[in-house]
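Numbers restart at 1 for each chain; the letters A, B, ... are given by sequence-line order, proteins then strands.
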There are 2 protein chains.
Amino acid sequence: MFTQSEENYLKAIFHLQQDVDGGVSTSSISELLQTKAASVTEMVKKLADKKLVHYQKYYGVHLTESGRAHALTIVRKHRLWECFLVDRLNFNWDEVHEVAEQLEHIKSAKLVEELDKFLEHPLYDPHGDPIPDADGNLPKRFKKKLSELKTGEQGVCKGFKDDSSAFLKFLAKQDIGLGTAIKVLNIEAFDESVTALADQKEISLSKTATNNIYVGN
Amino acid sequence: MFTQSEENYLKAIFHLQQDVDGGVSTSSISELLQTKAASVTEMVKKLADKKLVHYQKYYGVHLTESGRAHALTIVRKHRLWECFLVDRLNFNWDEVHEVAEQLEHIKSAKLVEELDKFLEHPLYDPHGDPIPDADGNLPKRFKKKLSELKTGEQGVCKGFKDDSSAFLKFLAKQDIGLGTAIKVLNIEAFDESVTALADQKEISLSKTATNNIYVGN
DNA sequence: ATAAAGTTTTAGTTTTACCTAAACTTTTAA
DNA sequence: TTAAAAGTTTAGGTAAAACTAAAACTTTAT
Ligand SMILES: [Mn+2]
Ligand SMILES: [Mn+2]
Ligand SMILES: [Mn+2]
Ligand SMILES: [Mn+2]
């Protein structure tokens, strides 16, 4: 159906679309996919020919319904495979992403649905990211950040904006994971760094860190 | 490390090597991989540059130690994934091959070893083909064919030479699978077709069929 | 309003893995 | 033993997906 490269572009555009209101820029795609802007322009034209994106020269792209639907199937596969790796194969949450990047391109409708069944239809992946169902419906995502809590407030860790291996390893070191209860003890006026109680333990988190942690109750 | 295409060539040469004593011919590779002979010649030169095969113009190729080692890792992955699909995801044995052709190229040493552990170190895949261990050691393969049994002899089905979907579906229809006991009742002098008792049921098998079924006791 | 800065597109290359057609080598069989 | 057939390699080309360099366009800042 689609090439691996086309799928990577669709997924990238899907993710970038969530952070902007207008079209997704050539440069943001090239940055995310580690390619040059010129390569993006070329591919984007091909995707437009295939009616997967709307493309206005110089003003970026956005996914068509068909493009979005396909992007969601890739995201679904990526996150299901991450569940499999963590829940069944003893991978750590900070080492599944690169493998899932490969596995998400395996083409077999039956494989995805059987994997989903095998994992008992998980709603969130090991990083708290929602898994689209077979029809492309996304469970709600928690979008309140730890940095938005005031002194004395508390929340339960529901997901992470940055899921780089570096950040995930850092969180693991502080014993923060999905479900960890975090109470804000103090917010430093100077740099907005936070002193917090995470599962009884007192820790200190920079603004950069608190901005990348989603909380709920 | 290696491209998907290079891996497919290595695996093809590995499989073809088992049926011939001299070098593996360009045409046999091109037939197996559904490419043209000219493409094979090109790739084979590249593999020779990388010291994965020995290549003598006009006399075919054979794997070097390094080429064989890598071919074995791909075969290992292919067969482990087939086990996973059949044993854990409810795939039929005749629908796993194409998916395993994709999965065998996923690059992650940890994934292979964890999958092997998860499956409890299987020795044979769903078609009775032996799974190389992490060091590249292959369990013994049964190589006596059903067509070699004489009237009155019996054997237990241990594997299949042809594992095309068509043949596997045919076997399933006759209720023949790994472990099925088969007793030869009669061999037709005319075309060497066999009447046999397979798990109490009387069935008739062509020479083509009996040539593709391996038996042991 | 215009120039500078930044971004995007176009034009021209490269690499990989294929292809066809022609040339060459080996095998076969008259 | 030799000529035809069969198999293989070489030569030259294409398509996909990347790249660089340079031109074109948009945005921003005087
Ligand atoms: Mn991921
Ligand atoms: Mn994830
Ligand atoms: Mn197979
Ligand atoms: Mn098999």
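Rounded to whole angstrom, the span from the CD atom of A/Gln4 across to the P atom of C/dT16 amounts to 17 Å. As rounded to whole Å, 14 Å separates atom C1' of D/dA16 from atom CG of A/Asn8. The interatomic distance linking A/Lys57 (NZ) with C/dT9 (P) rounds to 8 Å, in whole Å. Rounded to a whole Å, the NZ atom of B/Lys36 is 23 Å from the P atom of C/dT16. Rounded to whole Å, atom P of C/dT9 lies 11 Å from atom OH of A/Tyr59. Regarding B/Gln56, its CD atom lies at a distance of 11 Å from the P atom of D/dT9, rounded to whole Å.
Comparing C/dA21, D/dA18, C/dA11 against the side chain of B/Ala38 picks out C/dA21 as the nearest. The side chain of A/Lys45 has C/dT10 as its nearest neighbour among C/dT25, D/dT26, C/dT10. The listed nucleotides are D/dT9, C/dC18, C/dT9; the one nearest the side chain of B/Ser39 is C/dC18. For B/Met43, the listed nucleotide lying nearest its side chain is C/dA17; candidates were C/dA17, D/dT9, C/dT20.
With ring centers used as reference points, A/Phe84 lies under 6.0 Å from B/Phe84. When ring centroids are compared, A/His97 and A/His78 come within the 6.0 Å threshold. The aromatic ring centroids of A/Trp93 and A/Phe160 lie less than 6.0 Å from each other.
Counting non-hydrogen atoms of neighbouring residues, nucleotides and ligands closer than 6.0 angstrom, the NZ atom of B/Lys107 exceeds 12 such neighbours. Residue-environment remark: NZ (A/Lys144) stays at or below the threshold of 12 foreign heavy atoms within 6.0 Å.
If you check the side chains of B/Ser27 and B/Ser30, you find no donor sitting under 3.5 Å from an acceptor. A donor-acceptor contact under 3.5 angstrom links the side chains of A/His105 and A/Glu7, judged on distance only. A donor atom on one side chain and an acceptor atom on the other are found under 3.5 Å apart for A/Ser147 and A/Asn211.
Taking side-chain N and O atoms only, B/Thr3 has a distance below 4.0 Å to OP1 or OP2 of C/dA17. At the phosphate of C/dT16, neither OP1 nor OP2 sits under 4.0 Å from any side-chain N or O atom of B/Tyr9. An OP1 or OP2 oxygen of C/dT10 is reached within less than 4.0 angstrom by no side-chain nitrogen or oxygen of A/Tyr58.
Less than 4.0 Å separates DNA chain C from no heavy atom of any residue of residues 20-32 of chain B.
Residue A/Ser5 is classed as a sugar-phosphate contact, given heavy-atom separations below 4.0 Å to backbone atoms only. Among the heavy atoms of the strands lying under 4.0 Å from B/Thr35 are primed sugar atoms or P, OP1, OP2 only; no base atom is included.
When each of A/Glu42 and B/Glu42 is assigned the nucleotide of DNA chain D bearing its nearest heavy atom, the one mapping closer to the 5' terminus is B/Glu42.
In this structure, the helix from C/dA1-D/dT30 to C/dA30-D/dT1 shows an angle of 10° between the axis at its start and the axis at its end, each fitted on 5 base pairs and rounded to 10°.
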A/Glu6/A/Lys50 under salt bridge (Lys or Arg N to Asp or Glu O under 4.0 Å): CA gap, chis, key distance, verdict: CA-CA 11 Å; A/Glu6 287 169 339; A/Lys50 297 189 176 185; 2.6 Å; yes
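Applying the ring-ring contact (aromatic ring centres under 6.0 Å, His included) criterion to B/His54, with sequence neighbours excluded, gives B/His62.
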